[in-house]
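I have placed the structure first, in the form of structure tokens, so that the comments after it can refer back to it.
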Amino acid sequence: MTRLINPRLALPVLSLVVLIVAVFWLQPRAMSYVGINLLFNLAVPIALATIAQMIIIMVNDIDLSMGAFVSLAACITAAILPVNPALGVLLLAGCVLAYAALGALIEIRQLPAIVVTLGMSFVWGGAAVLILPSPGGTAPGWLVWLMKSKPPLFPMAIVASVLIATVAHLLIMRSSFGVRLRALGGNARAVSRSGRSTVALRASAYGLAGIFAVLSGMALVGLTTSGDANIALRYTLLSIAGVILGGGEFTGGRISPVGAVIGALTLTLAGSFLSFLRLSPDWQIGAQGAILILVLAARLLVRQAEKRA
Amino acid sequence: MTQMLSLHRAPWFWAWMAAFAAFLATWSLSVGGGGGGMALLVAALTFGSFSVLTGLGQMLVITMGPGNTDLSIPATMTLAATLSLKLMGGMTGPVALIVLAGLAAALLIGAAVGVANFTLIRLLRIPPIIATLSASFLYQSLAIWSNRGLRIKPPEVLADFTTGRALLGMPNLAWAALAVSVGFWVLLNRSGFGRRVSAIGQNPRAARLAGVPVARISAMTYVICATMAGLTGFLLACFSGGAALNMGAEFLLMSIAVTVIGGSSIAGGNSNVPGIWAGALFMYLIVSMLNSYGLGAGVRLLLTGVIIIAIVAAASGRKG
């Protein structure tokens, strides 16, 4: 338990707490079960996408197709899963396998992940348009029930976030599988010298990310109850920002799943905070860019202060 | 003679072959539609010019080595186009002055974006991808805010110039892009700056030890890349009758794709200008070929992505 609260998490936790206090100060009515649920509702799919992006960043890559892929998963969930559950599950599993294959391709041909994922964003986008040409579809009943359920004491969004953080933490920080994946980001050569296949490892990292991304699409549909080929395009930025806000580094496999979920919560809350401030919608997206830059600047200052101390 | 024989070894040779094949394939498909080879060539050169102009800038940045990619090109294009058209729309006086002011504004906005990008990379010590991505959202917001949904028409002279074909029946835009390309070729192959860019891309440590001013050179590449994006945004807005918020969207992938397809190394240190043209023409022709098959938007997007990845995978070198 003590290892959970490491210095890497100090800044993310602090930003979240400051933001929560600011939101409650601006809007005291938000300080209730319903209010908190409304504030954090959309955090669940964002947290799942952030974990997916974190796994990709963990192996020193970056995924610019996250938004398009989550949109595709959402389209399959909304258009096919309610009508033909077997086919829907098959397609979603196919998406995960495609992701794993992508990881293998990137490792075998030593391709830059940005270019490949940028190209894949067209593929996912095209597939999403094919499956759901115009916004619509319905969410499977059980999914809506799950996403809109009201557990006692804490709202669903908080319960789900804690669950996601715990599962990701155990999987990536505590299991030997997770250690091997992080090692791939830390020192790929050492991993291959130790007799592990880097191709299999990168493929499984991408496959694992694919699972979280598919879950993100499903959770999103459970909340919005319909799909759209463009529904989650902004998740590409949000997921990268979430990882960074949560204390993740771009190289060396140094990431924090708990931090990533906190980062996703912070980003979701930042959106509400900006609208409480009555900031013009023109600046919403720019504000997210600015927050990202500010956090990176803050982290640099903290690190320099640590070095001096 | 030896040069002729080794032509097929030039990095851009296969890209040109592919572009030529795509031209023939699309042409044979469009004959029935009454399009004709000339119309196809003009369209390819016109739309290809925009990809060439953004691609040249992106190529320069990518040549700097792994991790160097400018993701702010689409936002920069929109910002430069919006602001320069707004400036020209509000000006009165001699037409030449208005046009010059608009062009200068677009180039300056581009350069300012480049300076901002590099400042972030340098000051925050973050990967260029993250710096340009997060900054691009600021530029985008700035463009949305200054645009306010208005669509300001470009001056008639500029609209006529960008859609016209004054010389040899070829589009003016292609001539302009050709002139810029020649400039880039000279810059990359015949100047100290070009040699330094390649040196940094091939081995940044060795370049630094050899006394190459790495920071100054990479600052210049980011400024040039963003200035090219500003220029492209300006021309595209004049061509299409006004700036639109999503006008640059396709040029992020396009600028990277034409660089890689053209035979420049994605790992840096190796660039070539003729390949950019081949890549740009190839990309346009492939998309119009998919169009003439009568495929829907979904299939077209899907195949565009698959083709790009297939080419990148086939042409891959060392990891970026």
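Naming: A, B, ... by sequence-line order, numbering from 1 per chain.
- Residue contact with chain B, scored on non-hydrogen atoms closer than 4.5 Å, involves the side chain of A:I62 exclusively.
- In this structure, the portion of B:T69 lying under 4.5 Å from any heavy atom of chain A is its side chain and not its backbone.
- Contact of the B:L253 side chain with the A:F122 side chain is registered, since non-hydrogen atoms from C-beta on lie closer than 4.5 Å.
- By the 4.5 Å heavy-atom criterion applied to side chains, B:L142 and A:W283 are counted as neighbours.
- With respect to chain B, the highest number of heavy-atom pairs below 4.5 Å among A:I291, A:L237, A:T236, A:I108 belongs to A:L237.
- Between A:L296 and the choices B:L124, B:L123, B:L120, the side chain to side chain contact (heavy atoms under 4.5 Å, CB included) rule is met once, by B:L124.
- Across B:I130, B:T304, B:I256, the residue that shares the most heavy-atom pairs under 4.5 angstrom with chain A is B:I130.
- Neither the backbone nor the side chain of A:L301 comes within contact range of chain B, judged by heavy atoms closer than 4.5 Å.
- Minimum interatomic distance between B:S141 and A:G286 (heavy atoms only, all atoms of both residues): OG-N, 2.7 Å.
- Contact of A:L300 with chain B is made through the side chain alone, with heavy-atom distances under 4.5 Å.
- No side-chain heavy atom of A:L64 sits less than 4.5 Å from a side-chain heavy atom of B:L252.
- For the options B:I126, B:V260, B:I308, heavy-atom pairs under 4.5 Å to chain A are most numerous at B:I126.
- Residue contact with chain A, scored on non-hydrogen atoms closer than 4.5 Å, is absent for B:I307.
- A heavy-atom distance below 4.5 Å is found between the side chains of A:L105 and B:I309.
- The two residues B:L301 and A:G125 make their nearest non-hydrogen contact at CD1-C, 4.2 Å.
- For chain B, the nearby part of A:I114 is the side chain; its heavy atoms alone come within less than 4.5 Å.
- In this structure, B:L302 CG and A:M120 CE are separated by 8.0 Å, a value rounded to the nearest 0.5 Å.
- No side-chain heavy atom of B:L133 sits under 4.5 Å from any side-chain heavy atom of A:L292.
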